[in-house]
Amino acid sequence: MQLRRFFWTGLFLVALPYNVEAQQRPQQGATPDLRDVPVATRTYAITNARIVVAPGQEIPRGTVVLRNGLIEAVGPDVSVPTDAWVLEGDSLVVYAGFIDGLSHVGVPAPRRKENQEPARRRVENPGSPPPELAGLTPDRDVRTLLKADDPAIAKLRRIGFTMAHVVPRGRMLPGQGALIFLRGQTPEEMVYQGQVSLFAQLEPAQGVYPATDMAVLARFRQLYREATRRHQHATLYAANPQGLQPPAYDPVHAAFFPVLEGRLPVFFYVEEVLDIHRVLALHRQLNFPLRLAGLSGSFDALEQLKASNIPLFLTLDLPEAPRDTIRATQKLSDDSLAARHNTYLHVSSYQDVSAEIENLKARQAKERIKYYETAARMHAAGLRFGFSTRDADPDKILNNLRTMIKYGLPQEAALAALTIDAARLLGIDKAAGTIEAGKLANLVVTTGPLFEEKTRIRYVFVAGERFEIKEPARPSRRDEGEPMPARAEGTWSCTVDSPEGSIDTTLRITGQSGTLSSSAIPRELFLENLRLEADQLSFSVTTDTYGRVDARLTLRGDTAEGTIDVPGVGVLPIHCTRTSGPER
Amino acid sequence: MLRANLLACCLLLGLTCTVYAQQKGDLFIRNGTVLTVTNGTLPNTDILIRNGKIAAIGQHLEVPDGIEVIDATGLYVMPGIIDAHSHIAISNVNEATNPVTAEVSVGDVLNPYDIRIYRALAGGVTVSHVMHGSANVIGGQNETIKHRYGETDPDALRMEGAPRTIKFALGENPIRVHGRGHNVTPLSRMGVEFIIRDAFQKAQRYMEAWERYEQERKRNPRAVPPPYNERLEVLADILRGNILIHCHSYRADEILMLLRVLKDFGIRRVVFQHANEAFKVAPELAAFGAMVSVFADWWAYKFEVYYSTAYNAAILTRNGVITSINSDSPELNRHLYHEAAKAIKYGGLTEDEALALITINPARQLGIEDRVGSIEVGKDADLAIFSAHPLSIYAVCKKTIVDGIVRFDADRDPDDMRLRVDPERPVELAIRWGDHQHHQRCLEGVDLIAFLTQTLQSVQP
Amino acid sequence: MKRLLLLWVIGWLLSLPAAQATDMPKARRGVFALTNARIITVTQGVIERGTLIIRNDRIVAIGTDVEIPPDAEIIDCTGLEIYPGFIDSGTYLGLVEIRSLPETRDYREQGDLTPHVDALTAVNPNSVLIPVNRVNGITTVLTEPEGGLLPGKAALINLFGYTPEQMHVGGVRLMVLDFPSKGRRGPWDRRKPEDIEKAFRQAMEKLNEVWDRAELYARIDSAYRANPEKNPRPLYVPALQALLPVLRGEMPLMIKVDLAPDILEAIQWVKKRGLKRVIFSGVAEGWRVADKIAEAGIPCLVGPILSLPTRESDRYDKAYANAGLLHAAGVKIAIRTGDAANVRNLPYHAGFAAVYGLGREAALRAITINPAEIFGVDDLIGSLEVGKKANLFVADGDPFEPKTQVRYVFIDGYLIPMDNRQLRLYQEFLHRQPGLELHPTTH
């Protein structure tokens with residue numbers, strides 16, 4: 001899992017082109033665009049449906065009326081208003097809309113503008129970089145970053161999510177989160193409530209302080225304690241300025257003031273168990289209002305999570321088995337694989353090797369099951385939690401929920417985590433989370449019990465707005481047109497990952513030559529043996545200490561990824577995005 | 001007020017750390033050859049362990065009812081080996097962005113899942129001094145851990161009550177990373193000295209500012225506290241003598257430099273790490289009371305270790321310097337007993353002196369000698385049981401015991417001792433170590449920066 | 001007691017041949033009679049209280065009933081043991097002085113394909129590292145180039161001589177091939193499994209292309225040699241020219257290969273290419289496919305033994321046990337340190353292999369007669385036999401034990417001064433003068 005965490009930066013960059021592509025590709029074989037057809041009424045009635053008012057609380061046959069974005073009435077004998085658009089709910093089931101406890105939906109990864117070279121990322125002293133480079137932008141408000149056309153919004157909505165707690169992307173302190181509706185033509189229409197969280201992660205900066213997790217923790221302590229002091233100063237000054245120096249304005253520290261006043265919780269995204277321990281320790285040291293999201297490795301820290309008694313948002317991502325090369329075990333389920341595990345296997349010669357490999361696969365399956373069981377174990381431990389979609393593929397979320405249920409999570413608990421528990425933990429249970437009159441008209445209408453495999457979602461209502469969910473058109477074969485020949489020219493902003501932090505590097509390639517430079521160093525270096533074969537870019541640089549260092553990159557549009565091989569050090573991943581050129 | 005709060009927080013932290021009560025075991029080790037280190041070799045001797053402590057040592061001790069008995073007939077029992085320089089069990093090694101990073105601590109990023117803890121146990125090592133790397137002149141704080149492999153709470157690794165220590169580093173590494181890499185001081189050993197003096201001066205000013213504030217606060221409730229600085233807090237604690245310095249160093253001149261600086265600032269305790277040229281200034285080290293932790297025989301991997309000698313440990317010992325042999329490597333730490341044996345070859349130390357290099361002496365260097373490092377009644381039951389005398393090449397570690405609990409058992413443990421498994425990576429992916437697995441060690445994590453530095457320098461005329 | 005020991009050590013140091021002369025100690029040849037020794041011949045058993053006679057570069061007599069030549073210098077070896085000089089089957093000794101300083105590194109040439117370069121050329125006979133290592137009884141090492149697919153030719157050298165030619169043993173050169181790997185190159189290697197596989201395939205394609213062309217080149221060359229009048233002379237292609245002796249079976253191919261899947265690929269490749277003289281080096285995961293290696297009959301230079309397991313799931317001692325498991329499966333093995341500065345630890349690599357399953361006897365052979373046989377110089381070195389080169393050492397006990405002291409080393413018949421910089425620093429600084437008192441001139 002350590003590796004997984006490590007890949008986040010990388011994935012983020014790699015994921016980029018696909019999103020962009022999806023955005024630009026015309027919708028193939030999908031429904032016609034009806035957005036310009038005027039709406040006749042904003043009142044809806046779903047009649048004769050099974051209504052799951054709240055987990056464990058059902059109206060077997062009833063009607064829900066929605067008006068002006070709110071639930072107007074719900075019950076077995078509710079009359080249908082004359083202005084309502086009636087949906088015959090026979091055989092349909094109505095659930096409260098799902099709430100995403102933490103993600104970046106609506107906040108697409110920034111794409112660096114072409115031909116607009118970002119200010120050279122060189123710092124005078126990597127020990128004290130400007131706050132943005134250090135990942136310190138806690139004053140940034142996610143509402144200013146929302147994009148209504150982010151395709152991730154529709155992807156999440158079509159599986160039943162109606163609201164989300166969204167936070168900015170970034171590193172250690174990316175900014176402040178907001179609660180949004182998963183609908184709207186403009187950012188303003190999306191926002192439900194702003195300034196609901198201060199978002200934090202153990203995400204070091206690139207080649208500048210804090211470049212490691214341990215420095216991120218130290219930086220957080222420093223910020224928090226100094227903010228405490230500044231808050232004290234500001235309070236004294238506000239009471240009576242006489243004889244006191246005016247407090248200095250500093251947005252980074254000031255962003256902590258509402259946290260210090262207990263008005264704003266800190267949302268930490270932590271994936272693996274070690275990060276959970278680290279943030280809990282920080283919490284014990286500083287005692288700030290804390291929420292945790294991610295938590296895929298929490299099965300090893302349940303006691304500590306229980307003792308800390310803080311709201312949790314479990315990731316909806318689950319691990320998948322590696323591609324197996326041996327056919328015999330390929331078809332086996334994790335359960336049957338795990339059952340074969342022999343905990344006391346000794347390998348004493350070449351004759352035992354195949355038994356060992358089988359056993360390692362069995363052990364790995366056992367480990368995957370721990371992830372599948374995590375939600376159930378959290379529930380059994382009495383932890384209340386919602387879910388986070390941040391790291392989950394929307395197409396896999398419903399399936400992952402079914403896996404969690406298969407491995408012991410009661411269906412009602414799963415539903416609660418998607419709805420009312422998430423609402424409570426986010427402090428919006430008066431407004432959302434159940435199907436009650438007066439609450440927001442956030443609904444999911446399905447063809448059957450939510451967690452059954454054959455059940456389909458038919459409608460999703462977000463704040464009274466109706467979305468009809470069509471079966472996804474079979475993904476048509478990718479147009480097998482002539483692939484564009486890859487081009488290497490341009491300026492590439494690259495990140496080289498090392499366990500102690502990542503290093504910024506810039507490649508400039510024009511024609512047959514190029515240069516390499518890095519945030520650490522002012523001067524540039526010429527690339528040798530620069531070669532582009534199909535989409536494979538390779539070059540080398542000769543160094544005093546390590547001899548020839550080879551780099552190999554696979555180009556995909558404006559992104560490239562590959563490795564840089566430093567003899568005696570290792571093969572390090574490098575990810576690049578083209579920030580300018582080539583001319584098109 | 002603020003500082004009082006901070007203190008309360010720290011106390012709270014201390015409390016919460018001890019909340020995770022350590023597992024302690026009861027054991028009876030029968031009829032072994034016991035190498036006490038501080039009290040000679042005792043043949044055919046029993047050791048009784050109660051609640052994680054050594055309760056009795058002697059011949060024909062009575063076996064309490066229901067206790068687990070290990071028959072050590074024909075086996076050798078020695079104190080658990082202590083590695084005074086290690087980078088296992090942590091997620092980060094170097095915060096290589098600034099010449100002074102006293103505020104960071106590897107104790108914040110302990111990783112109890114690290115298989116290298118188990119592999120160290122398999123070489124009889126029960127305690128490691130887990131250190132920040134050597135990229136910075138004043139690096140981060142270190143952590144003394146016990147190899148309680150099997151526990152998954154990071155706090156369970158901490159050796160409760162062990163003194164705080166911090167990493168300093170002199171010479172080529174900080175010069176290469178900061179001077180040549182980032183174009184900041186230090187670019188020479190002169191600059192290294194300045195960085196340390198500068199840091200201590202600032203810490204003194206910081207302490208004075210807070211003392212002034214504390215005074216003023218008594219008569220003026222509207223007093224505004226001076227800026228809080230986590231880094232200077234730690235440096236101030238060094239000046240107060242609350243944090244022990246462990247200094248990566250090689251050359252004799254830089255060792256003397258630090259002795260002078262510490263004298264000027266009234267700091268009395270220091271341990272030099274690696275110190276390949278410590279033998280050249282052994283009398284000065286002895287006079288200061290400084291201690292030294294060295295490699296058995298590593299040399300020639302960089303210029304500042306070219307004028308080395310494998311007789312370093314022997315010369316230091318003969319000059320009265322408390323000396324240990326460390327690993328700084330997840331491979332070497334598996335055979336520290338063998339590394340210690342080399343001090344018999346190179347300089348003729350006695351067997352007890354050689355064993356002290358990896359037991360009581362590193363314990364002294366970490367300030368934990370009242371707890372571990374020898375087999376004495378009342379000490380922690382950290383023991384290693386070998387098939388032959390541990391200084392013999394034919395010795396195989398059979399069992400390693402931490403706090404009375406068997407954490408390594410050569411005869412009973414399965415092959416796969418990982419505490420967790422990546423659920424997604426193919427199981428068969430192996431590492432091809434080749435011949436250079438000891439290559440970098442202390443500079444882990446800054447290689448890339450260094451590489452880029454050198455890449456760019458290589459094109460200059 | 002301690003003091004007594006110290007005195008003894010100092011006394012012993014002073015009695016060293018090196019320290020006897022006041023001027024620079026020098027190696028010398030002549031006639032030596034090593035008497036009353038326990039002689040471990042390796043190939044012909046152990047002789048208790050025997051005598052070994054050295055004349056010039058050769059061993060001329062061994063036995064309990066040996067007449068001591070009148071011109072012999074007698075070295076009384078009562079209580080001591082004589083061993084053949086140890087052979088390290090994989091080092092960089094002589095090619096590097098200070099690893100971090102590029103100016104002092106000569107084991108890596110530019111590019112991926114440099115089979116035409118020769119390690120022997122760059123061996124520095126005066127490297128400070130050499131005396132430090134040989135006083136522990138290591139008399140001979142294979143020194144290797146590295147980096148790239150075909151980094152060059154390794155050479156077998158004695159650790160004494162003033163020119164590379166004087167050091168060169170039996171003219172032995174091995175062509176090094178660093179076989180492509182399906183493994184990670186270290187904990188730092190975070191490539192995806194698919195990318196690793198892809199890189200392996202590409203490297204294999206390259207290797208096969210090189211070998212196809214080398215075979216073609218060899219045919220052209222053979223045709224030309226057979227009839228230079230009629231057939232055209234081959235182009236000047238140094239890399240392919242350098243591979244001719246390998247293709248013709250005149251020079252062994254040393255394949256550096258470690259991981260189990262790589263070893264299997266290498267065995268297939270060797271078979272496909274019909275190569276007869278092949279040696280594997282490294283072989284960290286050899287135990288996993290030991291039967292396949294034995295079946296292929298390829299000898300292995302195993303090590304470093306003091307190394308980490310290749311997989312986190314491996315038992316902690318797999319690297320120690322590897323040599324023993326290979327031996328048990330019938331693979332012929334020698335042991336290598338893969339080191340330069342600390343080749344002196346070769347006996348301890350062998351010792352760890354011995355205790356973790358190889359056994360003492362086999363471990364001793366793995367650093368004496370086995371490498372001599374593998375390199376085809378068992379008529380010269382590798383055991384104590386009449387007629388062989390006088391490469392040997394005298395120790396006061398089991399050389400695998402760290403506490404054992406080596407008293408005398410002979411290389412190519414030369415009695416080597418037991419002197420080196422590390423010892424001299426010891427002698428100078430054990431009791432430094434002036435000690436703590438300030439030197440008068442500074443005041």
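We name chains A, B, ... by the order of the sequence lines, and we start the count at 1 in each one.
Here the side chains of C:N136 and B:K345 are in contact, with some heavy-atom distance below 4.5 Å. A heavy-atom distance below 4.5 Å is not found between the side chains of C:L425 and B:Y311.
Here B:E284 pairs with C:R432 in a salt bridge; the nearest charged N to carboxylate O distance falls below 4.0 Å.
The line from CG of C:N342 to CG of B:D297 is 4.0 Å long, rounded to the nearest 0.5 Å. To the nearest 0.5 angstrom, B:R425 atom CZ is 5.5 Å from C:R184 atom CZ.
The local environment of NZ in C:K403 is sparse, with at most 12 non-hydrogen atoms from other residues, nucleotides or ligands closer than 6.0 Å.
B:Y306 carries C:R421 over the face of its six-membered ring, with the cationic atom under 6.0 Å from the centre and within 45° of the normal. Cation-pi geometry between C:R344 and B:Y346 is satisfied (NZ or CZ under 6.0 Å from the ring centre, within 45° of the ring normal).
With 3.5 Å as the limit, one finds a donor-acceptor pair spanning the side chains of B:D435 and C:Y92. Using a 3.5 Å distance cut-off with no hydrogens or angles, the side chains of C:S307 and B:E331 do not pair a donor with an acceptor.
Aromatic ring orientation, B:Y394 versus C:F400: tilted (interplanar angle from 30° to 60°).
The six-membered or imidazole ring of C:F352 lies near that of B:H338, with a centre-to-centre distance under 6.0 Å.
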